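This one's a predicted model, so the numbers in the text were calculated from it and none came from an experiment. Below, all heavy atoms of this structure are taken into account, side chains as well, without hydrogens, waters or symmetry copies.
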Amino acid sequence: MSRTVKGSPHASAPVLAAYRYCEAVTGHQARNFAYGIRLLPTEKRHAMSALYAFSRRIDDIGDGPLSPETKRARLADTRALLDRVRGGGIEEDDTDPVAVALSHTAHRFPVPLDALDELIDGVLMDVAGQTYETWDDLKVYCRCVAGAIGRLSLGVFGTAPGTGHREDELERAPHYADTLGLALQLTNILRDVREDAATGRTYLPADDLAKFGCTEAFRASTAPPDADFTGLVHFEVRRARALFDEGFRLLPLLDRRSGACVSAMAGIYRRLLARIARDPTAVLRGRVSLPGHEKAYVAVRGLAGLDARAVERRGPGRPV
């Protein structure tokens with residue numbers, strides 16, 4: 001894998017307009033994500049916005065009110081569009097700004113576009129109403145919908161030269177990016193258990209639910225008296241924290257501003273996880289979120305490189 005990411009010649013007016021559209025989508029629909037990418041230089045910020053906007057399109061198909069048959073057809077159309085991007089078939093004056101921006105990004109950065117196919121595969125699991133018996137089963141889904149985003153992002157960030165890390169450490173960067181994606185997705189699943197239950201979706205592994213008597217625990221603002229909902233949440237929080245600890249080993253491998261971006265995005269979710277751990281039943285009463293000032297603090301912390309230095313100080317297997 002290349003350790004550096006080179007910029008491109010000045011983008012044309014249609015391409016810049018396409019990127020502005022993608023940035024608007026990102027700022028409006030993904031405020032946690034937007035906090036992180038604001039810390040990037042312009043070219044990388046544009047690229048991350050294009051990746052987000054295309055990914056958002058895929059997610060919106062899966063989450064929308066369409067019939068399963070229509071969703072599958074729309075996802076097939078999206079996969080065909082991705083094939084056009086991959087084959088260089090998108091012109092700068094194409095009427096789809098997201099496709100224009102993604103195509104330009106794919107020429108500028110070594111992003112693994114196949115990861116977007118994995119995202120489509122994950123959304124198809126949602127359309128099919130798939131449930132998961134074990135954590136190993138759920139990991140397959142999480143890698144499709146979140147680990148893939150981590151690997152795409154790493155294609156934009158690159159690994160930084162001059163970090164003093166051995167080649168074998170740098171080669172583990174995609175694994176760390178994938179693992180961080182799993183941590184974020186598991187945090188999302190915990191945050192959204194009641195919202196997902198209202199749409200008939202259950203993501204947490206069936207064997208975990210059975211272990212804590214929580215098979216039917218998500219449809220009300222309080223857990224049933226015979227369910228150990230707090231125990232279930234703390235069990236999953238420990239799992240997510242272990243994933244964060246491993247995934248954060250990516251930070252020292254990145255340049256300062258890319259590391260700040262990752263630290264901000266992941267740091268917001270890690271603090272969200274801490275809030276859930278302090279009050280597990282809060283996720284049954286509504287969506288848990290962080291106030292703006294706390295998100296800003298996480299961004300400043302990322303820019304200061306505090307998380308990256310903490311990773312460097314600790315040894316393998318020790319939490320940040």
Would a 4.5 Å heavy-atom cut-off, applied to side chains only, mark [X] and [Y] as touching?
| X | Y | result |
| --- | --- | --- |
| F212 | H234 | no |
| R56 | H28 | no |
| I189 | C142 | yes |
| I37 | S49 | yes |
| V100 | V15 | yes |
| S55 | I149 | yes |
| T42 | R45 | yes |
| L40 | V156 | no |

State, to 0.1 Å, how close [X] and [Y] come at their nearest heavy-atom pair, and which atoms those are.
| X | Y | value |
| --- | --- | --- |
| L182 | W135 | CD2-CZ2, 4.4 Å |
| D94 | R84 | OD2-NH2, 3.3 Å |
| S103 | H107 | O-ND1, 2.8 Å |
| R270 | F244 | N-CZ, 3.8 Å |
| T179 | L243 | CG2-O, 3.4 Å |
| A240 | T187 | CB-OG1, 4.4 Å |

Notebook entry, point to check: Going by atom types alone, do T230 and D228 pair a side-chain donor with an acceptor below 3.5 Å?
Noted result: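 There is no such pair between these side chains.
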
Check: Do D126 and Y203 have side-chain atoms, one donor and one acceptor, less than 3.5 Å apart?
Finding: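 A pair is found: one side chain offers a donor N or O, the other an acceptor, under 3.5 Å apart.
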
Please answer whether the main-chain N or O of [Y] pairs with a side-chain N or O of [X] as donor and acceptor at a distance below 3.5 Å.
| X | Y | answer |
| --- | --- | --- |
| K71 | G64 | yes |
| T281 | L284 | no |
| R57 | T78 | no |

Checklist line | Chi angles and distances behind the side-chain contact (heavy atoms from CB on, under 4.5 Å) call for K44, R257 | finding: CA-CA 10 Å; K44 290 185 179 183; R257 290 178 70 176; over 6 Å; no

Check: Parallel, tilted or perpendicular for H104 and Y19, by the 30°/60° rule?
Finding: perpendicular

Straight-line distance of [X] [atom1] to [Y] [atom2], nearest 0.5 Å:
| X | Y | atom1 | atom2 | result |
| --- | --- | --- | --- | --- |
| T131 | D137 | OG1 | CG | 9.0 Å |
| L190 | Q185 | CG | CD | 10.5 Å |
| L250 | Y176 | CG | OH | 9.0 Å |
| T199 | D196 | OG1 | CG | 5.5 Å |
| F157 | L152 | CZ | CG | 10.5 Å |
| Y132 | L209 | OH | CG | 13.0 Å |

Check: So with a 6.0 Å cut-off around CZ of R74, is the heavy-atom count from everything else above 12?
Finding: no

Item checked: Common cluster, L66/L75, ILVMFWY with side-chain heavy-atom separation under 4.5 Å ->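 No, separate clusters.
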
Next item on the list: Only one of L16, T105, L51 passes side chain to side chain contact (heavy atoms under 4.5 Å, CB included) with H46; say which it is.
Entry: L16

Notebook entry, point to check: Given C214, which of D208, V193, L232 fulfils the side chain to side chain contact (heavy atoms under 4.5 Å, CB included) condition?
Noted result: L232

Item checked: From R151, K139, R172, residue fulfilling salt bridge (charged side-chain N to carboxylate O under 4.0 Å, His left out) relative to D178 ->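 Exactly one candidate clears the test, R151.
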
Is [X] salt-bridged to [Y], going by a charged N under 4.0 Å from an acidic O?
| X | Y | result |
| --- | --- | --- |
| R143 | E118 | no |
| D63 | R201 | yes |
| E236 | R239 | yes |
| R86 | D117 | yes |

Check: Between L186 and L273, is a side-chain contact (heavy atoms from CB on, under 4.5 Å) present by the stated rule, with each step listed?
Finding: CA-CA 9 Å; L186 183 53; L273 188 70; over 6 Å; no

Next item on the list: Given side-chain contact (heavy atoms from CB on, under 4.5 Å), test L102 with L81 step by step and report yes or no.
Entry: CA-CA 11 Å; L102 181 63; L81 178 60; over 6 Å; no

Notebook entry, point to check: Are R287 and D192 close enough, and set up right, to give a side-chain contact (heavy atoms from CB on, under 4.5 Å), and what steps lead you there?
Noted result: CA-CA 7 Å; R287 174 169 284 209; D192 296 341; 3.2 Å; yes

